[in-house]
Visitor: 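Below: one structure in structure tokens.
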Amino acid sequence: MVQKRVVSIEDRIPKLKQERRKKANRKLIFYLLIFFVLIFIVIYLQSPMSYVKNISVNGLQWLAKEEIISQSEIEENANFWGVQTKELEENIVSHPQVKDADVSKSFPNTIIMDITELTHVAYVELDGKIHPLLENGDLLDEVNSSNINGDVPVLKGFKDNHYLQEIAEELANLSTYVSALISEVNWIPSDSNPYKIQLYMTDGQEVESSIRNLSANMDSYPSIVSQLDQSEAGIIKIDESGAVFTPYDVDKEEEEEIEEENEE
């Protein structure tokens, strides 16, 4: 018969006390840790450490960083955790030149503003003054001629907001490459076509087209020009039916003959 070792209660009491003491110490350490974490959080929230220190603004081409920050109405020394990103986004989007805004936080104290601006599609000459034209058809306050961006055309002769709105939408749909090739656009309406326009290109060519479907018609411009003699300039009439090129040195009779031949 196997004998079992009997441990007296007196021998077990010190071990039980030691285990209880260890558990009590672990609980004390845990509560102290929570206490000090809470104290740190309170101190952090009440100290300058929790203030917004950096504001990063991305995506700007036409607007200044300071203008966006001012538009957001973020307070000086704002508490990082108290900043309401949705409220800042609504404030920024209310700017007439901003299409969209996304505001986020980056710990410990940085606010990031990602901005999508309304594109400047042209400059409009009105009463001798130059006004930027946005993709939605809105005109901005006049700018100095020295501040004009040469990558977009100058519009002249436009005196009707309806046609400005339409050409703004068409210019917004142009590729960046084709848009940069257009130097100037003149509105030359006729009785038969109130949408008629004349475009002067940076490569020396002249284009006659229509505001309607301008972006689709002008997409073919690089291909058309590539087929011409680079030393020969003239007028390219582009519409939905195709394109007709007439050199500047062709007289009126020859021009009419060319048009008749193309009609046939």
Visitor: Strictly distance-based, threshold 3.5 Å: is any side-chain N or O of Ser209 a donor or acceptor partner for the main-chain N or O of Ile238?
Guide: yes

Visitor: Heavy atoms only: give me the nearest Thr202-Ala180 pair and the separation to one decimal.
Guide: CG2-O, 3.7 Å

Visitor: Is Asp141 atom CG crowded by more than 12 heavy atoms from other residues, nucleotides or ligands, each under 6.0 Å away?
Guide: no

Visitor: If I take atom OG1 from residue Thr246 and atom CD from residue Glu208, how far apart are they, to the nearest 0.5 angstrom?
Guide: 8.5 Å

Visitor: Any side-chain heavy atom of His95 within less than 4.5 Å of one from Leu63?
Guide: yes

Visitor: Can you check whether Glu73 reaches Leu88 side chain to side chain, under 4.5 Å on heavy atoms?
Guide: no

Visitor: Just by modelled atom types, is the Asn217 backbone N or O under 3.5 Å from a matching donor or acceptor in the Ser220 side chain?
Guide: yes

Visitor: Say whether, by atom type as modelled, one donor and one acceptor occur between the side chain of Asp239 and the main chain of Ser241 under 3.5 angstrom.
Guide: yes

Visitor: Once ring pair (Phe, Tyr, Trp, His ring centres under 6.0 Å) is applied, do any residues pair with Tyr195, and if so which ones, sequence neighbours excluded?
Guide: Tyr163

Visitor: For Gln198 and Tyr200, test the side chains for any donor-to-acceptor distance below 3.5 angstrom and give the result as yes or no.
Guide: yes

Visitor: Considering only residues two or more places apart or on different chains, which pairs with a residue in residues 165-192 satisfy salt bridge (charged side-chain N to carboxylate O under 4.0 Å, His left out)?
Guide: Lys156-Glu184

Visitor: Would you say CD of Glu232 has more than 12 non-hydrogen atoms from neighbouring residues, nucleotides or ligands within 6.0 angstrom?
Guide: yes

